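In this text the structure is predicted, and so the values were computed from the model without any measurement. Side chains included, hydrogens not; waters and symmetry mates left out as well; all remaining heavy atoms used. Naming: A, B, ... by sequence-line order, numbering from 1 per chain.
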Amino acid sequence: MSLQLYNTRTRAVEPFAPVRAPDVTMYVCGLTPSAEAHLGHARSFLFFDVLRRYLVHLGYRVTYVRNVTDIDDRSIATAQAEGVSFSAVVARHLASFNRSMDRLHVLEPDHEPHATAYIGQIVAMIGSLIDGGHAYVAADGVYYAVGSFACYGALSGRNTDELLIGARIAPGEDKRDPLDFALWKFAKAGEPAWASPWGAGRPGWHIECSAMSHALLGEPLDIHGGGFDLIFPHHENEIAQTEALYGGPMANMWVHGGLLLFDGKKMSKSLGNFEPLSDLLDRHDAQAIRLLFLQAGYRKPLNFTEPSIEGATSGLRRLQSAYDALRAAPAAGAAQSSARAVVESYERRFFVALDDDMNTSAAVAVLFDLTSEARALEDAGAGSLAAAFMHEALGLIGLDPSQRVHPNDDPHRILHADFVSRLSSMLGDVVRFNGAAASPEAAIAAVIKARNRARLAKDFRLADRLRIALSDVGVHLHDTKEGTTWTVVA
RNA sequence: GGCGACGUAGCCAAGCGGUAAGGCGGAGCUCUGCAAAAGCUCUAUUCCCCAGUUCGAAUCUGGGCGUCGCCUCCA
């Protein structure tokens, strides 16, 4: 079994066969930081993060490039409205985006090229396109002549006749054909501009990806990815630019992620129906968001709702507690061979699912199945074996099993600042706290100790009082055979 | 209007010719002095509708109905 992926260009699931194996080149269209990133961006980059992790797992040496289109009409407009430079607008949104990617455990790409850092390569490429008869200089910029590229429309399944219906030239555009698109836009007064042989201006959308992917990875790319909404015109235009110059295919495998819907509609900048990703991450667990996306097929549209993210949060908690239990299971000598075989069968099913066009939904289901059988595996001495597999599997899909949904490891984040003094004022008569300087952990431990003493003495009134007091400040106790544990529920 | 995707339990969702994965929720139960956010069990005779192909269809074909996307900036 080997990895199969759906190729948009051929509309079929195909074996993944990198041309220079074990080296793999992967270019994904990244962010245009003209506005705050939203959950839709997160879905796309989360998927490619998992694909990249899996390719690395399979032994490929992946070079992953995710670009930043840091110059476009919209950021210029925002900058002018706010009276700041476009680069300030871009820097602000990009910093916020990168913080969110960190919180989601999206690994950094190997290269994150900015369009404005590749103006030289862009200008050179436009020059070559003009020389080759694929582009022309007009009054307001340089345009790509779509009619000069016979295969135009192959990726998106369109032909130029269909596209021409309804197509029109916008006022102020001096192009010859309505389908032609801008490679270089001459600057108007007050707009940022770079020098070019044809006049000062800025690159049009599309050419930056052709130039940067060529500069960093060359042709053909093993994988070129992005959201479904980029198929047309963005990727179609990238193909027209790149293939007109290099003859062969720009990429062998075109991978597109399904869009995120919000209230049944596409989440997008233009519709304005989105919450900034950074705000959403303040309200919901980042790993639960990752699990939610993983539980759906990457190519299908996904409607985001509050109940769905809450469900994913519960599911994640279950996965984590099962992992904890497996890891804590006593090493009872060698695992029984039947138990070993069971763990191996889960392992096989998990990887078969990922090989099948990254069926993460089925892969996650395998993990939940294992969770159901965890107790039996522990009893058969296969606890640590199963824990090792779960650790590997969760890591592979970017879920960090050591990070809690209820962050016991960082209770200060949600506990009140005066936690210890509040507890002390409620229970000072029965529990000795080491003054206000005591840490929340130490204070909780002191209460648990006092309560267990009370339970042993059958003083259940006091034991209940201690439980309730902790509950009032946001700490829930859970008695187990191994002792009393606590979680923060504030 | 053109092109494309999708419609599976209360909700999310996999499966895409061999007799309905998984998650959430719900119900019941277990352990517990109490409490669980802990564990266990159950939870679709059926896959939008209608016709057809087939020994057999959620899966294929044709026709409806509905939702969404692209065709203009978009992950």
Side-chain angles (χ1 to χ4, degrees), chain A residues 8 11 28-32 34-35 37-48 66 69 72-74 77 153 156-159 161-168 170 179 205 225-234 236 256-261 264-271 291-292 294-297 299-319 321-322 324-325 349 353 356 359-369 371-372 374-375 405-406 454-455 458-461 463-464 467-468 471 476-481 485 487-489:
Chain A
T8 304
R11 317 233 159 186
V28 171
C29 288
L31 195 71
T32 301
S34 58
H38 56 67
L39 235 209
H41 298 112
R43 184 186 187 197
S44 180
F45 301 135
L46 232 15
F47 168 69
F48 287 107
R66 192 185 68 202
T69 300
D72 77 312
D73 293 356
R74 191 182 290 262
S156 56
R158 290 151 210 264
N159 61 59
D161 293 341
E162 282 168 4
L163 286 166
L164 272 169
I165 300 168
R168 62 194 57 182
L179 298 184
W205 187 41
F228 254 89
D229 54 349
L230 294 183
I231 295 172
F232 189 90
H234 185 54
E236 201 68 74
H256 292 98
L259 299 181
L260 186 82
L261 307 181
K265 295 273 183 222
K266 175 183 168 184
M267 186 178 274
S268 77
K269 293 172 193 172
S270 55
L271 289 175
L291 179 61
L292 176 69
L294 254 17
Q295 283 186 291
R299 288 196 281 126
K300 286 196 178 179
L302 175 65
N303 192 22
F304 179 82
T305 62
E306 288 292 320
S308 66
I309 182 62
E310 283 159 16
T313 307
S314 301
L316 177 64
R317 207 178 287 136
R318 221 181 107 214
L319 240 25
S321 78
D324 284 348
R349 283 173 56 203
D356 180 17
N359 190 338
T360 54
S361 179
V364 167
V366 171
L367 263 22
F368 276 106
D369 284 345
T371 294
S372 302
R375 190 59 62 84
V405 179
H406 290 305
R455 291 168 76 205
K458 304 259 185 239
D459 183 354
F460 296 125
R461 270 184 67 131
D464 285 348
R467 173 191 282 289
I468 291 163
S471 167
H476 176 82
L477 296 183
H478 178 204
D479 298 321
T480 71
K481 289 193 187 85
T485 62
T487 47
V488 178
V489 293

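Donor-acceptor pairing under 3.5 Å, judged by distance alone, is present between the side chain of D464(A) and the base of G33(B). The base of C73(B) is paired with the side chain of R74(A) by a donor and an acceptor separated by under 3.5 Å.
Within 4.0 Å of K265(A), counting heavy atoms only, lie sugar-phosphate atoms of the nucleic acid but no base atom. Residue contacts shown for L302(A) are limited to sugar-phosphate atoms, with no base heavy atom under 4.0 Å away. At a threshold of 4.0 angstrom between heavy atoms, the contacts of H256(A) with the nucleic acid are absent. Using a 4.0 Å heavy-atom cutoff across all strands shown, S372(A) reaches sugar-phosphate atoms only and no base atom. Note on R467(A): a base of the nucleic acid sits closer than 4.0 angstrom, heavy atoms only. Contact annotation for L477(A): base contact, defined as any heavy-atom pair under 4.0 Å involving a base atom. Using a 4.0 Å heavy-atom criterion, one finds that G225(A) contacts no nucleic acid atom at all. As judged by a 4.0 angstrom heavy-atom cut-off over every strand, G257(A) is placed among residues making no nucleic acid contact.
Within the 4.5 Å cutoff, the side chain of K458(A) has heavy atoms near those of the F460(A) side chain.
Nucleotide C60(B) has G52(B) as its partner under the Watson-Crick or G-U criteria, with both atom distances under 3.5 Å. A21(B) is unpaired under the Watson-Crick or G-U wobble criterion, no partner having all donor-acceptor distances under 3.5 Å. Searching all strands for a Watson-Crick or G-U wobble partner of U41(B) with both distances below 3.5 Å returns A27(B). Across all strands shown, C47(B) forms no Watson-Crick or G-U wobble pair with both key distances under 3.5 Å.
Look at S361(A) and you won't find any side-chain N or O under 4.0 angstrom from OP1 or OP2 of G15(B). Within the structure, every side-chain polar atom (N or O) of K300(A) is placed at least 4.0 Å from both OP1 and OP2 of C68(B). Between N303(A) and C68(B) there is no side-chain polar atom (N or O) within less than 4.0 angstrom of OP1 or OP2.
Cation-pi contact between R66(A) and F48(A): absent, since separation from the ring centre below 6.0 Å together with deviation from the ring axis within 45° is not met.
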Look for any protein N or O under 3.5 Å of an N or O in nucleotides 24-28 of chain B and output each such pair with its distance, or none.
from	atom 1	to	atom 2	distance (Å)
C24(B)	OP2	R318(A)	NH1	3.3

